[in-house]
Amino acid sequence: MSSFLGRMKEYPYISLDRFDRENLHARAYFLSHCHKDHMKGLKGPFLKRKLHISRTVRLYCSFVTKELLLNNPKYAFWEEYIVPLELESPTQISLVDEASGEKEDIVVTLLPAGHCPGSVMFLFEGAQGNVLYTGDFRLAPGDASRIEHLHSGSRVKDIQSIYLDSTFYDPRFYQIPTRELCLNGISELIGNWINQSSYHVAWLNCKAAYGYEYLFTNLGETFNTQIHVNSLAMFKKMPEILSYITTDRRTQIHACRHPKDEEYFQGNRVPCGCTAADGTPLRIISIKPSTMWFGERTKKTNVIIKTGASSYRACFSFHSSYCEIKDFLSYLQPVNIYPSVIPIGRTLTEVTQMLRLMCRNQSDRSAFVYKPLGVLKRSRVQQPTYGSQSDDELFDGLELVPVRKKMGPNQDAKSGNVPDPAAPPPCESSPLMASDVQSAAQNYFDCTESNGEEEEEDADEEGKGEQGDKDSQTCPAQAPKWEDFFTTETLTDSQNSQSRSCCSASRASGSQTPELFSDEEEAADRAGFSLALSASSSSHSSQNVDSNVADTLILQPGGGASQESSDFEVACTPESTEPQPEELLLLYRKLASGEDVITRKGSQGSS
DNA sequence: GCGATCAGGT
DNA sequence: CACACCTGATCGC
C-alpha cells in the first residue's frame with residue numbers, strides 16, 4: 001500500500017494521489033489512477049471548501065480517470081475542477097500562490113502506466129529538474145524505451161528523481177509472468193471448461209477495483225461473448241470496454257460480485273444467482289486472479305493453480321515485478337529514487353539501499369550516459385513530416401524509421417488482439433486491448449506485431465525541437481478519448497529488448513529460448529556501448545498562450561484533436577545514402593541491441 | 001449523523 | 001504469497 005505522502009521534494013507546491021493533511025494547501029492536484037488508496041482525502045469537506053474559494057486549484061488526470069472518478073457521486077463536486085489531459089501531451093501549468101500571487105511554471109506529461117484503465121505516470125519538467133512520478137505501474141521490460149517523452153531527441157531525458165511504485169521491488173518477486181502468458185492461461189482454462197456444455201460456467205472472482213477490464217475484453221473477444229458484471233455505468237463512455245461486458249446473466253463467463261459471493265459459489269451459485277432456464281444445475285468453476293511470482297532461477301511458471309475441486313487461482317498482476325522495475329530504472333538512471341511502497345517484510349532503509357544501486361551515480365558513471373533507445377512505436381496514419389533540421393538532433397532524417405506498416409483504424413485490431421496459438425511462446429507485453437481501444441491507442445504506438453517478429457531496436461524518432469513554438473492549445477473538446485486505457489498494452493515489441501532485460505521471456509515461460517543475461521553482464525554490455533552525451537533537458541519555452549483552462553497551456557505542436565506531435569514524427573527518408581556520423585551512432589545502437597548491422601538496412605520496412 | 005481509523009475478511 | 005477493496009466496530013465531533 002502506498003506510503004507516499006503526496007508531495008515531491010522538487011515540486012512541493014503540488015500534491016499527487018494524496019489529498020489530506022499538508023496536501024490541502026497544494027496549488028495543483030494530480031491523480032494517477034482511480035484506486036481508493038490513491039484518493040485519500042479526495043472527497044474531504046476541507047478540499048471541497050477550498051475549491052470553492054480558489055480560482056486556480058485544479059485536479060489533473062487522464063480522461064478515463066476523470067470519467068471513472070465522476071462516476072462515483074461522492075466525487076461529483078470535482079467536476080468543474082478537473083482538467084483532463086491527453087496522454088503524451090506536455091502541458092504547462094502555472095502553480096499560483098493565490099495569497100501572494102507568486103507563480104511557478106511546470107510542464108507535466110501523462111505517460112501510460114499499465115496499471116488500470118486511465119492510469120498514468122506524471123513526468124514533471126521545471127526549474128527543479130525532470131521528475132517522474134510513476135503512480136502504480138506495470139510496464140514490461142523495454143517499455144520505457146518506447147515512451148517518447150522520456151526521451152529528448154534520441155536520448156533518455158535527464159531524470160532527477162523517480163517516485164517509484166516499489167510494490168514488488170524485492171528479489172523475492174523476481175519475475176511475474178507477462179500479461180499475455182497469464183491471459184493465455186486463463187483463456188485456456190475457461191475454454192476447456194465452457195466448451196463442454198452450455199451449463200459450464202466460469203466465474204472470475206475479481207476484487208472490487210479497476211484493472212481487470214483487459215481480461216474481460218480479451219476473453220470476450222476470444223470466446224465471442226460478453227462477460228457478466230454488476231454494472232456498466234462507469235464504462236458508459238468507453239465503448240471499447242462496454243461491448244465486452246453485459247448485465248445479462250445468461251452468459252458463460254461471469255465477473256459479477258456479491259457480498260457473499262464465496263458462499264454463493266460454495267452453494268454452486270454464481271454471485272448474480274443465475275440458473276439455467278431448464279433447471280439444469282450449472283457447473284461452475286471459480287477463477288481468482290491473484291499475483292504470483294517466481295524467483296530468478298525458476299523455470300516453470302505455472303500461471304494457473306488449482307485450489308479446490310472447482311477453484312483456481314490465476315496469475316494476474318497490477319504491478320511490475322522486480323526485474324521489470326529494474327529494467328525500467330536501469331534504463332532511466334535517475335539521480336534519486338524514492339519508493340512509494342515498502343514491500344511486505346522490508347524496511348524503508350532496505351528498500352532505499354537497494355534502490356540506491358539503481359541510481360545514476362551508483363553506476364559509477366558520473367556523466368549522463370547515452371543508451372540505446374528502443375523502438376518508438378508510432379504508426380500514426382499520416383504523412384511523415386520532416387523534422388527539425390537542427391544540427392544537434394543527431395538522428396534527424398535518418399532512415400531509422402521504420403514506422404512499420406500503417407494500418408487503418410480497425411485493420412489490425414483483430415489480428416493483434418488474440419494471440420496466435422501457433423506462434424512461439426509469447427514473451428513480454430502483449431496486445432491485450434479491446435480492438436477499439438487498440439486502434440485508438442495506435443495514435444501513439446504501433447500495436448501490430450505481437451508474436452515475436454524481429455523488430456528494430458533503434459530509435460526512430462527525431463528530437464524534440466523547441467517545444468513551445470507552436471501555440472496550439474487544445475481544448476480536449478469532443479468526445480473523450482480512451483487511448484490511455486492501457487496504452488502500454490500496445491507496446492508489443494518488448495521481445496526485442498529481452499537481451500537487455502534482466503529477466504528474459506525464457507525464464508518467464510520456461511521455454512527454450514537460450515539467452516539468459518545476468519544483470520552484471522547486461523550492465524557491462526551496455527556500458528561498453530555507452531557514449532557520453534550530455535543530456536539536453538528540453539526547454540519548454542512556451543509562451544503564454546490562451547488555453548481553455550486558466551493557467552494551463554497544452555503544449556501540442558500538432559494541435560487539434562488528433563494529438564499529433566510532429567516533433568516526434570519520423571522522417572521517412574526515401575534514400576539515405578551519405579555515411580554520416582549519425583549513422584555511426586545508429587550502428588552503435590544496433591550493435592548494442594545485438595542486431596545484425598550488415599543485413600538490416602534493406603529490410604527495414606518489412607517487419 | 002458523519003467521518004476517520006482500525007481489525008478482519010476476501 | 002499480495003492487492004484493493006469491503007464490512008463492521010469504535011471513537012471523536
Side-chain angles (χ1 to χ4, degrees), chain A residues 1-4 17-21 23-24 31-49 65 68-69 71-75 77 113-119 135-138 165-177 179 182 203-213 215 229-231 234 255-267 270-271 286-296 298 300-308 311-322 324-325 339-346 351:
Chain A
M1 209 59 70
S2 179
S3 59
F4 182 65
D17 288 353
R18 283 293 291 263
F19 308 91
D20 56 352
R21 299 169 174 268
N23 301 300
L24 287 168
L31 178 61
S32 69
H33 65 288
C34 213
H35 278 163
K36 294 280 197 304
D37 58 329
H38 289 251
M39 294 159 63
K40 205 170 187 191
L42 195 57
K43 58 177 174 344
F46 291 111
L47 210 44
K48 214 169 180 170
R49 205 173 310 138
T65 295
L68 298 177
L69 182 69
N71 179 65
N72 185 337
K74 286 176 179 157
Y75 303 104
F77 71 92
H115 177 69
C116 71
S119 67
D136 283 352
F137 76 107
R138 182 164 195 202
D165 170 15
S166 46
T167 304
F168 291 135
Y169 194 72
D170 182 322
R172 195 179 152 211
F173 309 116
Y174 193 87
Q175 49 170 326
I176 296 171
R179 283 205 170 93
C182 296
W203 170 48
L204 292 163
N205 183 357
C206 299
K207 285 169 289 204
Y210 297 118
Y212 300 100
E213 290 72 19
L215 192 53
V229 296
N230 286 24
S231 169
M234 57 290 254
C256 44
R257 291 184 300 115
H258 183 279
K260 297 192 171 144
D261 47 24
E262 303 272 353
E263 277 179 37
Y264 271 55
F265 176 67
Q266 295 306 321
V270 277
S286 85
I287 302 166
K288 185 178 210 159
S290 51
T291 308
M292 297 176 188
W293 54 86
F294 302 89
E296 179 173 3
T298 311
K300 186 167 186 255
T301 57
N302 197 350
V303 299
I304 304 288
I305 291 177
K306 195 159 198 232
T307 55
S311 306
Y312 299 84
R313 282 204 314 129
C315 185
F316 193 94
S317 180
F318 291 142
H319 298 270
S320 285
S321 66
Y322 178 73
E324 287 166 344
I325 297 172
S340 63
V341 182
I342 309 304
I344 296 280
R346 291 279 175 191
V351 179

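These numbers were taken from a predicted model, which means no experiment stands behind them. Residue numbers start from 1 in every chain, and the chains themselves are labelled A, B, ... in the order their sequence lines are given, proteins ahead of strands.
Atom CD1 of A:I342 is separated from atom C1' of C:dA2 by 15 Å (rounded to the nearest Å). When the C1' atom of B:dC2 is taken as reference, atom CZ of A:F46 falls 13 Å away, rounded to whole Å. Between the CE atom of A:M39 and the P atom of C:dA4 there is a distance of 13 Å, rounded to whole Å. Between A:Q175 atom CD and C:dA2 atom C1' the separation is 17 Å, expressed in whole Å. Between A:I344 atom CD1 and C:dC1 atom C1' the separation is 10 Å, expressed in whole Å. Following rounding to the nearest Å, A:K40 (NZ) and B:dG3 (C1') show an atom-to-atom distance of 13 Å. Taking atom CD on A:E263 and atom P on B:dG9, their separation rounds to 14 Å, with Å as the unit. Here B:dA4 presents its C1' atom at 10 Å from CZ of A:R21, a figure rounded to the nearest Å.
The aromatic rings of A:Y264 and A:H258 are tilted relative to each other, their planes meeting at an angle between 30° and 60°. The aromatic rings of A:W293 and A:F173 sit perpendicular to each other, their planes meeting at more than 60°, with 30° as the lower class boundary.
Take the nearest nucleotide of DNA chain C for A:H319 and for A:M292: the residue whose nucleotide is more 5' is A:M292.
Side-chain proximity of A:I305 to the nucleotides C:dA4, C:dA2, C:dC1 is greatest for C:dC1.
For A:F294 and A:Y322, the distance between ring centers is not under 6.0 angstrom.
Side-chain contact between A:E296 and A:P171 is absent, with no heavy atoms from C-beta onward closer than 4.5 Å.
Backbone-only engagement by A:T167 is indicated by non-hydrogen atom pairs under 4.0 Å involving sugar-phosphate atoms exclusively. Contacts of A:D170 with the nucleic acid, taken as non-hydrogen atoms under 4.0 Å apart, are absent.
Annotation: salt bridge (Lys or Arg N to Asp or Glu O under 4.0 Å) contacts of A:E262 (sequence neighbours excluded): A:K288. Checked against salt bridge (Lys or Arg N to Asp or Glu O under 4.0 Å), A:D20 has the following partners two or more places apart in sequence or in another chain: A:R18.
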### Evaluation steps, ring-ring contact (aromatic ring centres under 6.0 Å, His included), between A:F137 and A:H115
CA-CA 5 Å; A:F137 76 107; A:H115 177 69; 9.0 Å; no
Heteroatom pairs (N/O) under 3.5 angstrom, protein to nucleotides 5-12 of chain C:
{"from": "C:dC5", "atom 1": "OP1", "to": "A:A208", "atom 2": "O", "distance (Å)": "3.3"}
{"from": "C:dC5", "atom 1": "OP2", "to": "A:K36", "atom 2": "N", "distance (Å)": "2.5"}

